[in-house]
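The structure appears right after this line, and notes come after that.
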Amino acid sequence: MSKLMIWNILSVLWIYCDGARILGIVPTPSYSHQIAFRPLWRELSLRGHQLTVLTTDPMNDKSLTNLTEIDLHFSYELWNQRLGDLINKGHDNPLKFIELMLNTSSAVIELQLQHKDVQALIHNETQHFDLLMNEFLFPTMFAFSERFKCPTIAMTSLDAPNGVYQIVGNPTHPVVNPDVVLPFTGKLNFFERVISVLYNLVSRYYYNSLLPKEDLVVEKYFGKGYPSLEEIPKRISMLFVNSDPIFHQIRATVPTVIQIRGGKHLAASKPLPKDLKKYLDEAAEGFIYFSLGTNVKSKDLSENVRNVILQAFSELPYKILWKFELDHLPGKPENVKISKWLPQQDIFKHPNIKLFITQGGLQSMEEAIYNHVPMVGIPFFADQPLNINRMVSKGLGLSLDHKTMNKESFKEAVLEVINNPRYLGNVKHVADLAQDQPMTGLERAVWWTEYVLRHKGAEHLKSPALDLPDYQYYLLDVIGFCILVIGIAVCLFVMVVKLILKLIRYFASKPKIKKQ
Ligand SMILES: *[C@@H]1O[C@H](CO)[C@@H](O)[C@H](O)[C@H]1NC(C)=O
Ligand SMILES: *[C@@H]1O[C@H](CO)[C@@H](O)[C@H](O)[C@H]1NC(C)=O
Ligand SMILES: *[C@@H]1O[C@H](CO)[C@@H](O)[C@H](O)[C@H]1NC(C)=O
């Protein structure tokens, strides 16, 4: 081989490995879903890949010259309209929640596909991508992998729903690993086991019944001739889930499921704004940080719940910092400071912090754990009840039900977590364990992304479960066969017994005949 040829081959390889074109899509209009993937977009673009990312919260970082963001921020309007329903109706009823969630996602994604920049991307003949990285709570955007004939990595910003695990061929067990929107953890009682099994069946039914409608959406916005959305997601090469075996329930995973683990979004510390720093420095007794995240708004709390919280706060010897989305909080006690936006990660790093009161968003809890802050949880919806139950079962804090809590129970929980050193000790222990790993979550995600690029997919790691029809996977034919064999055996046995009895009766009666 001539030197020139070697050089050519090398340069082709170089371009391929180090300059892939990646399409990233995170359709969910929720800040926490978006920030979970930002470090990945940043890192991949810095490594020389060309990224186009469809996001509802662009980073707009001019220094990232290899990253193009298509802004889908308008999706929040529809999302916020439906969010109240999701929180109120979905609070105690996981089936209602999943139905509303799927319907809402469907509507949001259709809006996004109509957007002119997205349409331009779909219909640009010269456009191509080597890889699609798509958030997987809903299947429609996977049509992009067919459009660009490229391998796909699916991702979730929380642990994946059981239905998603099934689609990549990862066995799921409703009792060992109940779905992420069910609040069950540890050992399930009989009632919980029944609910978990039924939930798996019914949520799958909801999901499947949406597919024909979504196939029409694909036809409308991508064109004719696409395979069905039942087929396309089966080609997913890898699934990145934002879970880890320390905080989440242990789960057996196939090699195509990568637990990229939490904490990727943790930032280096920045100085606090001056007035905030002064306020926290002066909190000699310590302070409590209270935030319900970005989906649940503190301002949406019922008047009753808000009064319970305010009265409890007024009787505590601590300063309270409350992320509150309105300018004015009626009846605000002296020791409470409100603000619409707060640099949460830097607040967790302040030495005077005593406690974090949270709705149980995964990203917020990761920030608290890694910064050694114990918690009191008040969950509302989605994976929050599960996260809070896991937090309590790990001894990192206590939980309260916003429907039943009163001033006394609220105060009691807060004081117990602050004054009993057990909780802080457990938080430190869990943070230690979570950080002791061969590579960080971000490094793991980048490595596997480039692995999929190098091998143009991961067909060789595909789960054999994907090739099995349902009746084989659930052993229906084997069970049917066993029932048949046992049935036949029982029938034969009964027949033989009957025959023997008949014979006995016959011989018992015969001598009588002889005597006559
Ligand atoms: C952009 O990608 C090129 C290679 O394609 C790389 O050399 C460069 O460092 C990247 N720049 C930034 C700012 O990410
Ligand atoms: C969800 O969408 C389906 C079909 O469009 C509809 O029949 C159902 O009523 C919707 N459910 C809710 C809770 O909006
Ligand atoms: C189509 O895609 C190519 C390749 O990315 C790009 O250079 C071009 O500007 C795009 N055309 C339009 C009309 O967006």
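If you read the sequence from its start, that first residue is 1, and numbering goes on from there. All values derive from a computational prediction rather than experimental measurement. Remember, it's 1-based here, ligands and their atoms both numbered in the order they're listed. Both backbone and side-chain heavy atoms feed into the values below; hydrogens, waters and symmetry mates do not.
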Counting C-beta onward and ignoring hydrogens, is there a side-chain heavy-atom pair between Leu158 and Asn242 closer than 4.5 Å?
no
Would you please test Glu459 and Arg235 for salt bridge (Lys or Arg N to Asp or Glu O under 4.0 Å) and show each step?
CA-CA 8 Å; Glu459 192 62 22; Arg235 304 177 194 159; over 6 Å; no
Counting from 1 in the order shown, the ligand 1 atoms closer than 4.0 Å to a non-hydrogen atom of Ser45 are 14 (O)
Under a 4.0 angstrom heavy-atom cut-off, which atoms of ligand 1 come close to Ser63?
13 (C)
Taking a cutoff of less than 4.0 Å between a non-hydrogen atom of the residue and any ligand atom, is Gly19 in contact with ligand 1?
no
Counting heavy atoms only, which of Asp61, Asn66, Thr65 is nearest atom 10 (C) of ligand 1?
Asn66
Going by heavy-atom distance to atom 3 (C) of ligand 3, choose the closest among Leu121, Asp117, Thr126.
Thr126
Only one of Thr253, Asn170, Asp179, Asp159 passes side-chain hydrogen bond (donor to acceptor under 3.5 Å, both in side chains) with Tyr165, and that residue is Asp159
Near-ring test Phe222/Phe144, centroid separation under 6.0 angstrom:
yes
For Lys456 and Asp130, what are the C-alpha separation, side-chain angles and deciding distance, and is it a salt bridge (Lys or Arg N to Asp or Glu O under 4.0 Å)?
CA-CA 8 Å; Lys456 300 192 166 60; Asp130 304 306; over 6 Å; no
Considering non-hydrogen atoms of the protein only, which is the closest contact for atom 5 (O) of ligand 3, and what is the distance?
Gln127 OE1, 3.0 Å
Please state which protein non-hydrogen atom is closest to atom 2 (O) of ligand 3 and give its distance, to 0.1 Å?
Asn124 ND2, 2.2 Å
Quick one: does ligand 3 sit under 4.0 Å from the side chain of Arg21, the backbone, both or neither, non-hydrogen atoms only?
side chain
